[in-house]
Amino acid sequence: MSAARRARNPARSNQPAAATPLSDDLLTENGPADVTERAFGSANRNRLLDQYFATRGPIKPGEAWEHAYRLLLWIDRTIGLAHCYESDKCQPGRHWYPRSLAFHGWLAERLGSTPATLKDDVDWLFRNVTAGLDALVLAASKSTMVQKQRAPYAGQGFPEPGEDPKLLAIVHDALQEWLPAKLPDSVERSLVERIQTHINQENKRKNLIGEGFEDTLAAILRRIPGLAKRYDIRTRQVLHEIPGFNPVRKGQKERKVDLVLIRKPDGRRTLVTAKWSVRADREEQFTADFRDYSRAENRSEDFDYILVTNEFDPARLKRACEVRVENALMLTSVVHVQPQGPLVAYQDAVHHKNWSAPHVYKHIQTGRLTSLEGWITNLTA
DNA sequence: TTTCGTACTTGTTTGGTGAC
DNA sequence: GTCACCAAACAAGTACGAAA
């Protein structure tokens with residue numbers, strides 16, 4: 001990467017970067033001054049992570065999962081419970097609803113919260129990313145630039161941004177008994193815009209969970225006493241920039257590793273694939289990545305290949321623990337943010353011999369499926 | 001500097017199969 | 001009929017690199 005490009009994309013330099021200021025045009029009088037144009041981008045994520053940890057001091061291995069959940073775990077708005085599985089299967093009456101209830105209650109207790117207030121104790125990163133974004137989006141629709149763009153069409157009845165007659169009808173229908181009079185048009189538009197912005201922001205969460213999970217893990221590891229001194233910790237590292245790996249052949253695509261830990265005393269390399277959740281297509285990717293890493297390795301030395309995940313599905317966890325390459329387990333370790341979570345969720349299924357849950361229970365017992373705490377403790381040993 | 005295409009991440013939606 | 005499990009298509013956003 002050129003120096004000029006690195007300057008334009010400070011996040012890729014692995015160095016904390018200052019937030020990019022917004023143009024004045026997008027700021028309201030009361031608008032946020034510190035919201036970046038790339039609110040979900042690396043620079044803003046790391047700025048917020050620094051802010052989150054600024055008052056918290058060093059982290060003990062046993063606290064790592066709490067920080068991961070406080071930062072990233074969210075409440076599924078359709079059921080009001082902590083998200084642990086696909087939304088459709090968690091709806092009331094379906095088989096993951098009681099499991100979501102169990103997990104929600106357990107988590108509230110463990111975080112010193114209550115089932116009612118847990119929503120305020122998790123999802124810190126997303127709530128802070130979007131805190132100013134709502135105002136920003138609403139301000140953008142009224143900015144001088146927008147007024148200028150609409151000027152040639154003034155008075156021709158063009159729809160205003162955010163007009164949604166159906167949504168408005170729902171609001172009116174629900175509130176007609178309590179509304180003394182029709183709301184002014186400007187109030188109606190503002191209300192609809194705020195509702196739409198609120199819903200749209202939720203759709204952006206997945207973008208924070210992706211690289212945000214990698215950044216959160218790195219931020220936690222760097223704050224474990226002694227770990228940052230002992231390991232070189234890098235996120236989204238190009239494979240050939242890791243000691244002992246060849247560059248890709250000409251014409252082939254560069255490989256990046258989600259998280260890399262290089263032990264300073266002996267150069268032992270730990271390649272981490274961080275996936276908040278797992279799907280079948282991503283499982284295939286684990287194997288493809290591992291084969292590429294193995295082919296590129298040029299020291300003839302072992303390296304560790306670790307999956308860190310928050311997947312709750314027992315079948316997917318089981319497969320991750322058991323996937324083999326050339327008659328050996330492919331993953332050195334499978335790390336779950338907090339294995340007690342899945343166990344609490346599907347305790348009803350751990351004795352069902354034909355399901356995957358008992359296998360997951362066994363993998364946890366044997367240490368094949370370990371916790372964030374267990375993995376970090378092992379790193380510091 | 002801006003625009004566009006591509007690659008990548010995530011969760012959601014939809015639909016299917018097989019066991020019980 | 002219910003549930004676990006599987007798979008593909010999709011949606012939304014970030015980031016990179018090339019071209020204009």
Roughly how many Å is it from [atom1] in [X] to [atom2] in [N], rounded to a whole number?
X: A:Leu307; N: B:dT10; atom1: CG; atom2: P; result: 10 Å
X: A:Trp74; N: B:dT12; atom1: CH2; atom2: P; result: 7 Å
X: A:Leu317; N: C:dC6; atom1: CG; atom2: P; result: 12 Å
X: A:Phe213; N: C:dG13; atom1: CZ; atom2: P; result: 23 Å
X: A:Asp292; N: B:dA7; atom1: CG; atom2: C1'; result: 15 Å
X: A:Trp96; N: C:dC3; atom1: CH2; atom2: C1'; result: 12 Å
X: A:Phe126; N: B:dT9; atom1: CZ; atom2: P; result: 21 Å
X: A:Glu211; N: B:dA7; atom1: CD; atom2: P; result: 17 Å

Check your understanding: Are A:Phe303 and A:Phe245 close enough that their ring centers fall under 6.0 Å?
Key -> yes
Side chain of [X] (C-beta onward), nearest among [options]:
X: A:His83; options: B:dT12, C:dC5, B:dT10; answer: B:dT12
X: A:Ile209; options: C:dC5, B:dT10, C:dA15; answer: B:dT10
X: A:Arg319; options: B:dT12, C:dC5, B:dT10; answer: C:dC5

Review point. Given A:Asp215, which of A:Arg222, A:Arg45, A:Arg47 fulfils the salt bridge (charged side-chain N to carboxylate O under 4.0 Å, His left out) condition?
Key: A:Arg45
Check your understanding: Which of parallel (below 30°), tilted (30 to 60°) and perpendicular (above 60°) describes A:Tyr52 and A:Trp124?
Key -> perpendicular
Point to revise | Exceeds 12 heavy-atom contacts within 6.0 angstrom, atom CD of A:Glu109 | key: no
